[in-house]
Amino acid sequence: MRSTRLLLVEQDAELVARLRGALVDAGYEVDVAHDGQRGLHLGLTRAYDVMVIDRKLPALDGLDLLMRLRARAVHARALLVSALAGVGDRVDGLDAGADDYLVKPFHVEELNARIRALCRRQLSVSDLLRVGDGHLDVGRRQAVRRDGSAVALSARECELLRVLAERPRAVHSRAELRRWVFEAAPAASIVDTYVYYLRRKLGRSVVRTVHGVGYRLGEI
């Protein structure tokens with residue numbers, strides 16, 4: 001099974017060291033951002049199962065960071081952590097797009113339990129994405145046709161199809177897809193290459209070309 005990918009956005013270096021160690025020991029694959037701007041970059045360019053975001057961050061505060069990610073269709077489950085414990089503060093966090101809210105100080109065991117709960121919700125809601133009459137199984141990295149036959153995908157093929165399937169009516173430019181799926185690639189032409197790979201495996205209709213604009217989800 002693939003590792004659960006987690007983004008930790010927290011400015012306190014001592015707390016980061018303690019939490020990251022505990023989370024890695026628990027089996028998570030953890031990326032760390034020490035400010036909101038770095039958190040935004042990672043959240044937009046890499047795929048995560050869960051994001052743990054401190055509300056008080058330099059460069060870009062946690063609420064603004066979360067709202068920007070949600071506005072760009074980042075659907076990873078989000079746990080907002082904060083020393084602000086009032087009802088209004090919790091409401092603000094949930095309204096910004098958080099799935100859960102944890103008040104500081106907290107025990108690492110409780111943080112782990114909250115993350116496990118969010119992972120269960122992530123698997124039940126987001127690991128299967130409709131693609132026409134079939135679906136994409138993100139956890140198994142398989143595209144499953146209507147007749148039940150499954151086609152194995154590479155990590156990048158799966159990620160590209162996931163991005164398209166999460167917003168099936170949206171048209172994505174090649175530059176956007178390169179930034180979100182192929183961060184290290186020097187040119188947007190890599191998107192065309194992987195669209196070709198997907199079409200070769202799943203048929204030409206799996207990704208639709210919108211001439212002069214980009215690509216959108218098709219069907220299998």
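In this chain, numbering begins with 1 at the start of the sequence shown.
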A.B. asks: Would you say the side-chain atoms of Glu157 pair up with the backbone N or O of Ser154, donor to acceptor, closer than 3.5 Å?
C.D. replies: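 Yes.
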
A.B. asks: For Arg204, is the CZ atom crowded, meaning more than 12 foreign heavy atoms sit under 6.0 Å from it?
C.D. replies: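 Open: at most 12 neighbouring heavy atoms sit under 6.0 Å from CZ of Arg204.
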
A.B. asks: Quick one: CG on Asp95 to CE on Met67, what's the gap to the nearest 0.5 Å?
C.D. replies: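 So the gap between those two atoms works out to 10.0 Å.
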
A.B. asks: Within the side chain of Asp100, is there an N or O that forms a donor-acceptor pair under 3.5 Å with the backbone of Leu79?
C.D. replies: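 Flag not set: sc Asp100 to bb Leu79 has no pair under 3.5 Å.
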
A.B. asks: Given side chain to side chain contact (heavy atoms under 4.5 Å, CB included), test Leu63 with Ile53 step by step and report yes or no.
C.D. replies: CA-CA 9 Å; Leu63 289 184; Ile53 301 173; over 6 Å; no

A.B. asks: Give a yes or no on whether the backbone of Leu57 and the side-chain of Asp54 come within a donor-acceptor separation of less than 3.5 Å.
C.D. replies: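 Not confirmed, Asp54 side chain does not pair with Leu57 backbone.
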
A.B. asks: Does some side-chain heavy atom of Arg199 sit less than 4.5 Å from a side-chain heavy atom of Val207?
C.D. replies: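 Val207 vs Arg199: side chains touch.
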
A.B. asks: Could Arg5 and Tyr48 be counted as a cation-pi pair, given that NZ or CZ must be under 6.0 Å from the ring centre and within 45° of the axis?
C.D. replies: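 Because its charged atom sits under 6.0 Å from the ring centre and within 45° of the axis, Arg5 does stack over Tyr48.
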
A.B. asks: One thing to verify: whether Arg18 and Glu14 come together as a salt bridge, which I'm taking to mean a side-chain N less than 4.0 angstrom from a carboxylate O.
C.D. replies: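 Between Arg18 and Glu14 there is no salt bridge, as every charged N stays at least 4.0 Å from the carboxylate O atoms.
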
A.B. asks: With a 4.5 Å heavy-atom cut-off, do Glu10 and Val32 have their side chains touching?
C.D. replies: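 In short, these two side chains do not touch, never coming nearer than 4.5 Å.
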
A.B. asks: Rounded at 0.5 Å granularity, tell me how far CG in Leu153 sits from CG in Leu202.
C.D. replies: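 These two atoms lie 6.0 Å from each other.
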
A.B. asks: Over 60° means perpendicular and under 30° means parallel, so tell me whether Phe182 and Tyr194 are parallel, tilted or perpendicular.
C.D. replies: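 Correct class here is tilted.
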
A.B. asks: Indicate yes or no for a side-chain donor-acceptor contact from Gln142 to the backbone of Val144 under 3.5 Å, with no hydrogens or angles considered.
C.D. replies: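 Such a contact is absent between Gln142 side chain and Val144 backbone.
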
A.B. asks: Are side-chain heavy atoms of Asp192 and Tyr215 found at a separation under 4.5 Å?
C.D. replies: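 In short, these two side chains touch, coming nearer than 4.5 Å.
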
A.B. asks: I'd like to know if the side chain of Asp89 and the backbone of Gly86 have a donor-acceptor N/O pair within less than 3.5 Å.
C.D. replies: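 Yes, because the side chain of Asp89 sits within donor-acceptor range (under 3.5 Å) of the backbone of Gly86.
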
A.B. asks: Can you tell me if Lys201 has over 12 outside heavy atoms packed within less than 6.0 Å of its NZ?
C.D. replies: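 Yes - once you tally the heavy atoms of other residues, nucleotides and ligands closer than 6.0 Å, there are more than 12.
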
A.B. asks: Please find the pair of heavy atoms, one from Gly93 and one from Leu80, that lie closest to each other, and give the distance.
C.D. replies: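 So the two residues come closest at CA-CD2, 3.6 Å.
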
A.B. asks: Compare all side-chain heavy atoms of His135 with those of Leu129 and state whether any distance is below 4.5 angstrom.
C.D. replies: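 No, every pair of side-chain atoms sits at 4.5 Å or beyond.
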
A.B. asks: Are Val171 and Leu217 connected in the hydrophobic side-chain network, where two residues link if heavy atoms are under 4.5 Å apart?
C.D. replies: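 Unlinked, Val171 and Leu217 end up in two clusters.
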
A.B. asks: Please report the closest heavy-atom contact between Arg77 and Leu118, naming both atoms and the distance.
C.D. replies: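 It is CG-O, 3.7 Å.
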
A.B. asks: Closest heavy-atom contact between Arg70 and Gly97?
C.D. replies: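 Smallest interatomic distance, heavy atoms only, reads NH2-O, 2.9 Å.
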
A.B. asks: Report yes if some heavy atom in the side chain of Leu177 is under 4.5 Å from a heavy atom in the side chain of Ile190; otherwise report no.
C.D. replies: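 Leu177 does not reach Ile190 side chain to side chain.
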
A.B. asks: Evaluate Val206 against Leu161 for side chain to side chain contact (heavy atoms under 4.5 Å, CB included), listing each step before the verdict.
C.D. replies: CA-CA 9 Å; Val206 66; Leu161 191 55; 4.0 Å; yes

A.B. asks: Do Val52 and Leu7 come close enough that some side-chain heavy atom pair is under 4.5 Å?
C.D. replies: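 No; the side chains remain at least 4.5 Å from each other.
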
A.B. asks: Search all heavy atoms of Gly39 against all heavy atoms of Ala33 and return the closest pair with its distance.
C.D. replies: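 Smallest heavy-atom distance, with atoms named: N-CB, 3.5 Å.
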
A.B. asks: With distance as the sole test, does Arg216 use its side chain to make a donor-acceptor pair with the main-chain N or O of Pro168 at under 3.5 Å?
C.D. replies: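 Looks like yes, one N/O pair under 3.5 Å.
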
A.B. asks: Determine, step by step, whether Leu19 and Leu8 satisfy the side chain to side chain contact (heavy atoms under 4.5 Å, CB included) criterion, reporting the C-alpha distance in whole Å, the side-chain angles of both residues, the deciding distance to 0.1 Å, and the verdict.
C.D. replies: CA-CA 9 Å; Leu19 294 182; Leu8 174 62; 4.1 Å; yes

A.B. asks: Where do Leu136 and Cys158 come nearest, in terms of heavy atoms and distance?
C.D. replies: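 Shortest heavy-atom separation between Leu136 and Cys158 comes out as CD2-O, 3.9 Å.
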
A.B. asks: Regarding Arg20 and Asp12, does a basic nitrogen lie under 4.0 Å from an acidic carboxylate oxygen?
C.D. replies: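 The answer is no: the pair does not qualify as a salt bridge.
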
A.B. asks: When you check the gap from the basic side-chain N to the acidic O, do Asp31 and Arg46 get nearer than 4.0 Å?
C.D. replies: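 A salt bridge is present here (some side-chain N lies under 4.0 Å from a carboxylate O).
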
A.B. asks: For Glu110 and His107, indicate whether the former's side chain and the latter's backbone hold a donor-acceptor pair under 3.5 Å.
C.D. replies: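 Checking the backbone N and O of His107 against the side chain of Glu110, no donor-acceptor pair under 3.5 Å is found.
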
A.B. asks: Is the shortest heavy-atom distance from the side chain of Glu109 to the side chain of Asn112 under 4.5 Å?
C.D. replies: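 Glu109 does not reach Asn112 side chain to side chain.
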
A.B. asks: What I'd like to find out is whether the side chain of Leu44 reaches to under 4.5 Å of the side chain of Arg179, using heavy atoms alone.
C.D. replies: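 The answer is no, as the side chains (C-beta and beyond) never meet within the 4.5 Å cut-off.
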
A.B. asks: Count the heavy atoms belonging to other residues, nucleotides or ligands that lie under 6.0 Å from CZ of Phe106, then report whether that count exceeds 12.
C.D. replies: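 Enclosed: over 12 neighbouring heavy atoms sit under 6.0 Å from CZ of Phe106.
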
A.B. asks: Judged by atom type as modelled, is there a donor-acceptor pair below 3.5 Å linking the side chain of Ser205 to the main-chain atoms of Glu219?
C.D. replies: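 Present.
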
A.B. asks: So, Lys104 side chain and Ala85 main chain: donor-acceptor pair closer than 3.5 Å or not?
C.D. replies: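 The answer is no, because no donor-acceptor pair under 3.5 Å joins these two groups.
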
A.B. asks: Determine the minimum heavy-atom distance between Val108 and Ala22, stating which atoms define it.
C.D. replies: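 Heavy-atom minimum between the residues: CG1-CB, 3.5 Å.
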
A.B. asks: Between Glu159 and Arg156, is there a salt bridge with N-O shorter than 4.0 Å?
C.D. replies: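 No salt bridge links Arg156 with Glu159.
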
A.B. asks: Salt bridge or not for Arg68 and Asp64, using N-O below 4.0 Å?
C.D. replies: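 Looking at Asp64 together with Arg68, the answer is yes, because their closest N to O distance falls below 4.0 Å.
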
A.B. asks: Check whether the side chains of Tyr28 and Asp49 place a donor and an acceptor atom closer than 3.5 Å, and report yes or no.
C.D. replies: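 Their side chains do not contain a donor-acceptor pair, so the 3.5 Å distance test is not met.
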
A.B. asks: So does Leu84 get a backbone contact from the side chain of Ser82, meaning a donor-acceptor N/O pair under 3.5 Å?
C.D. replies: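 Checking the backbone N and O of Leu84 against the side chain of Ser82, a donor-acceptor pair under 3.5 Å is found.
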
A.B. asks: How far apart are the C-alpha atoms of Leu42 and Val9, what are their side-chain angles, what is the distance that settles it, and do they pass the side chain to side chain contact (heavy atoms under 4.5 Å, CB included) test?
C.D. replies: CA-CA 10 Å; Leu42 290 176; Val9 190; over 6 Å; no

